Enquirer: 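Quick one: the structure is below, and I'll ask about it shortly.
Fair warning: this is a prediction, and the values are worked out from it, not measured in the lab.
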Amino acid sequence: MRGARGGGGALPTVSWPPPLFVLLLLLLLPLLLCGPGLAGAAEASAVTCGSVLKLLNTRHNVRLHSHEVKYGSGSGQQSVTGVESSDDANSYWRIRGKTDGSCQRGTPVKCGQAIRLTHVNTGKNLHTHHFPSPLSNNQEVSAFGDDGEGDHLDVWTVQCSGSHWDRDDAVRFKHIGTDAFLSVTGEQYGHPIKGQREVHGMHSPNHHNYWKAMEGIFIKPSLDSTKHDEL
């Protein structure tokens with residue numbers, strides 16, 4: 001073992017890990033960190049198709065509301081208002097697709113996706129059109145249709161940042177047919193809905209048209225990918 005005798009020779013240097021290995025590791029690291037666990041956690045906080053929820057206007061602290069009270073002017077359709085109460089059963093809305101089957105039950109609602117919001121207790125859809133709202137003279141927002149079926153003016157897009165609508169995020173709803181944003185600016189009704197706020201459409205995005213998901217039942221993604229039913 002002559003090579004082992006002396007011990008004074010310098011050991012050969014080995015470059016490890018190789019540069020290519022390091023490069024691949026750096027490229028794969030973000031994917032490893034965003035594996036199924038974290039992705040699942042992100043989806044768990046998403047607002048999903050078929051969910052039933054209340055929506056809070058973050059500027060005026062009122063929840064989107066409707067009831068069997070019709071407008072005395074404009075379209076004469078069922079009125080939509082904002083209420084301060086957090087426990088009113090008439091403030092629940094169901095998230096549905098633009099058409100039946102286009103919003104699979106339990107799938108996260110994507111930013112930019114077209115949806116309908118159906119009032120749970122009356123079966124009418126959130127709707128707007130070119131009638132003036134009674135208090136502010138903005139665009140009237142009403143509830144329209146029967147048993148969840150109205151017309152093309154029931155469709156809104158969800159405007160948010162990122163890939164999907166997260167429960168913690170404030171979002172906007174932009175009406176496809178008229179380009180109006182669902183808004184509240186604080187005007188209050190008198191009798192018979194005293195104290196409730198006017199909800200209307202505005203054509204400029206601003207702090208009056210941010211909404212946040214609040215109380216509700218959020219449908220989780222189905223484990224059976226073959227199911228395409230919609231609530």
Side-chain angles (χ1 to χ4, degrees), residues 42-43 45-57 63-66 75 77-80 91-131 133 138-167 169-184 199-205 209-214 216-222 224-231:
E43 285 199 357
S45 66
V47 177
T48 53
C49 296
S51 294
V52 173
L53 77 169
K54 295 180 180 181
L55 292 166
L56 179 76
N57 182 278
R63 285 163 174 77
L64 189 67
H65 180 90
S66 192
S75 69
Q77 294 175 3
Q78 182 171 300
S79 59
V80 172
S91 300
Y92 282 112
W93 300 81
R94 187 186 308 277
I95 299 173
R96 303 170 62 218
K98 178 181 178 180
T99 58
D100 289 340
S102 65
C103 192
Q104 183 182 339
R105 184 175 184 263
T107 57
V109 177
K110 297 178 181 178
C111 295
Q113 184 170 341
I115 65 167
R116 291 176 290 176
L117 290 167
T118 302
H119 188 243
V120 172
N121 281 356
T122 64
K124 296 184 182 298
N125 296 327
L126 189 70
H127 180 97
T128 190
H129 39 215
H130 293 296
F131 284 94
S133 60
N138 283 301
Q139 186 168 298
E140 181 190 277
V141 170
S142 63
F144 176 74
D146 294 299
D147 297 323
E149 297 306 318
D151 64 19
H152 67 287
L153 293 177
D154 301 340
V155 184
W156 305 74
T157 58
V158 181
Q159 293 201 335
C160 52
S161 58
S163 60
H164 63 264
W165 177 7
D166 192 277
R167 293 184 218 170
D169 292 342
V171 304
R172 289 190 175 104
F173 299 101
K174 187 175 183 180
H175 190 244
I176 288 183
T178 64
D179 289 331
F181 294 92
L182 186 68
S183 307
V184 176
V199 173
H200 51 246
M202 300 180 73
H203 287 88
S204 59
N209 36 59
Y210 275 117
W211 300 84
K212 186 176 179 182
M214 299 299 287
I217 300 173
F218 298 90
I219 306 299
K220 293 182 179 179
S222 174
D224 184 355
S225 60
T226 63
K227 291 183 178 179
H228 295 278
D229 56 320
E230 180 186 353
L231 288 179

Enquirer: Determine, stepwise, if the pair Val199 / Val184 fulfils side chain to side chain contact (heavy atoms under 4.5 Å, CB included).
Expert: CA-CA 5 Å; Val199 173; Val184 176; 3.9 Å; yes
Enquirer: Step through the shown structure and confirm whether more than 12 heavy atoms of other residues, nucleotides or ligands are within 6.0 Å of CZ on Phe173.
Expert: yes
Enquirer: Check whether any side-chain N or O of Trp93 sits under 3.5 Å from a backbone N or O of Leu126 as a donor-acceptor pair, and report yes or no.
Expert: no
Enquirer: Can you give me every donor-acceptor pair (side chain of residues 146-153, partner residue at least two apart or in another chain, under 3.5 Å) with its distance?
Expert:
unit_1	atom_1	unit_2	atom_2	d
Asp146	OD1	Lys124	NZ	3.4
Glu149	OE2	Arg96	NH2	3.1
Asp151	OD1	Leu153	N	2.9

Enquirer: Is a side-chain donor or acceptor of Ser133 paired with a backbone partner of Asn138 at a separation under 3.5 angstrom?
Expert: yes
Enquirer: Any chance you could measure Ser204, atom OG, to Asn209, atom CG, to the nearest 0.5 Å?
Expert: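 Spacing of OG (Ser204) from CG (Asn209) equals 6.5 Å.
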Enquirer: Measure across Gly106 and Thr48 and return the closest heavy-atom pair with its distance rounded to 0.1 Å.
Expert: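 For Gly106 and Thr48, the tightest heavy-atom pair comes out as O-CG2, 3.4 Å.
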Enquirer: Could you measure the distance from the CD1 atom of Ile219 to the OG1 atom of Thr107? Nearest 0.5 Å is fine.
Expert: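 Here the interatomic distance stands at 11.0 Å.
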Enquirer: With sequence neighbours left out, write down each residue that passes salt bridge (Lys or Arg N to Asp or Glu O under 4.0 Å) with Asp179, or none if nothing qualifies.
Expert: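 For Asp179 there are no salt bridge (Lys or Arg N to Asp or Glu O under 4.0 Å) partners, ignoring immediate neighbours.
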Enquirer: My understanding is that only residues two or more places apart in sequence, or in another chain, count here; which of them pass side chain to side chain donor-acceptor pair (under 3.5 Å) with Gln77?
Expert: Ser142
Enquirer: Taking atom types as modelled and ignoring hydrogens, do the side chains of Ser45 and Asp166 form a donor-acceptor contact shorter than 3.5 angstrom?
Expert: yes
Enquirer: Can a donor-acceptor pair be found, under 3.5 Å and without considering hydrogens, that links the side chain of Ser51 to the backbone of Val47?
Expert: no
Enquirer: Once side-chain contact (heavy atoms from CB on, under 4.5 Å) is applied, do any residues pair with Cys160, and if so which ones, sequence neighbours excluded?
Expert: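 Applying side-chain contact (heavy atoms from CB on, under 4.5 Å) to Cys160 gives Cys111, Val158, Trp165, Val171.
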Enquirer: For the CG atom of Leu53 and the CD1 atom of Ile217, what is their distance to the nearest 0.5 Å?
Expert: 10.5 Å
Enquirer: Checking His127 now: which residues fulfil ring-ring contact (aromatic ring centres under 6.0 Å, His included) with it, not counting sequence neighbours?
Expert: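 For His127 the ring-ring contact (aromatic ring centres under 6.0 Å, His included) partners, ignoring immediate neighbours, are His129, Phe144.
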Enquirer: Just jot down the ring-ring contact (aromatic ring centres under 6.0 Å, His included) partners of Tyr92, sequence neighbours excluded, or say none.
Expert: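 Partners of Tyr92 by the ring-ring contact (aromatic ring centres under 6.0 Å, His included) criterion come out as none, since no residue qualifies.
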Enquirer: Nearest 0.5 Å please: distance from the CD1 atom of Ile115 over to the CG atom of Asn125.
Expert: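 Result: 10.5 Å between the selected atoms.
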Enquirer: Partners of Ser161 by side chain to side chain donor-acceptor pair (under 3.5 Å), sequence neighbours excluded?
Expert: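 Residues passing side chain to side chain donor-acceptor pair (under 3.5 Å) with Ser161: none at all.
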Enquirer: Can you tell me how far the CD1 atom of Ile95 sits from the CD atom of Gln113, to the nearest 0.5 Å?
Expert: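 Ile95 atom CD1 to Gln113 atom CD measures 9.5 Å (nearest 0.5 Å).
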Enquirer: Is it the case that the side chain of Ser91 and the backbone of Lys54 share a donor-acceptor pair, with hydrogens and angles ignored and the cut-off at 3.5 Å?
Expert: no
Enquirer: Between Arg116 (side chain) and Gly97 (backbone), is there a donor-acceptor pair under 3.5 Å?
Expert: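 Pair found, side chain donor or acceptor close to backbone of Gly97.
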Enquirer: To the nearest 0.5 Å, what is the distance between CG (Asn57) and CE (Met214)?
Expert: 11.5 Å
Enquirer: State which residues pass side-chain contact (heavy atoms from CB on, under 4.5 Å) with Gln159; sequence neighbours excluded, sorted by chain then number.
Expert: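 So Gln159 forms a side-chain contact (heavy atoms from CB on, under 4.5 Å) with Thr157, Arg172, Lys174, Phe181.
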Enquirer: Cut-off 3.5 Å, side chains only: do Ser183 and His200 have a donor facing an acceptor?
Expert: no
Enquirer: Applying side-chain contact (heavy atoms from CB on, under 4.5 Å), name anything that partners Thr178, two or more places apart in sequence or on another chain.
Expert: Thr128, His130, Gln139, His175, Ala180
Enquirer: Report the residues that fulfil ring-ring contact (aromatic ring centres under 6.0 Å, His included) with Phe218, sequence neighbours left out, ordered by chain and then residue number.
Expert: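 Phe218: no ring-ring contact (aromatic ring centres under 6.0 Å, His included) contacts found.
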Enquirer: Does Ser163 have any side chain to side chain donor-acceptor pair (under 3.5 Å) partners at least two apart in sequence or in another chain, and if so, which?
Expert: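 Side chain to side chain donor-acceptor pair (under 3.5 Å) check on Ser163 returns nothing, list empty.
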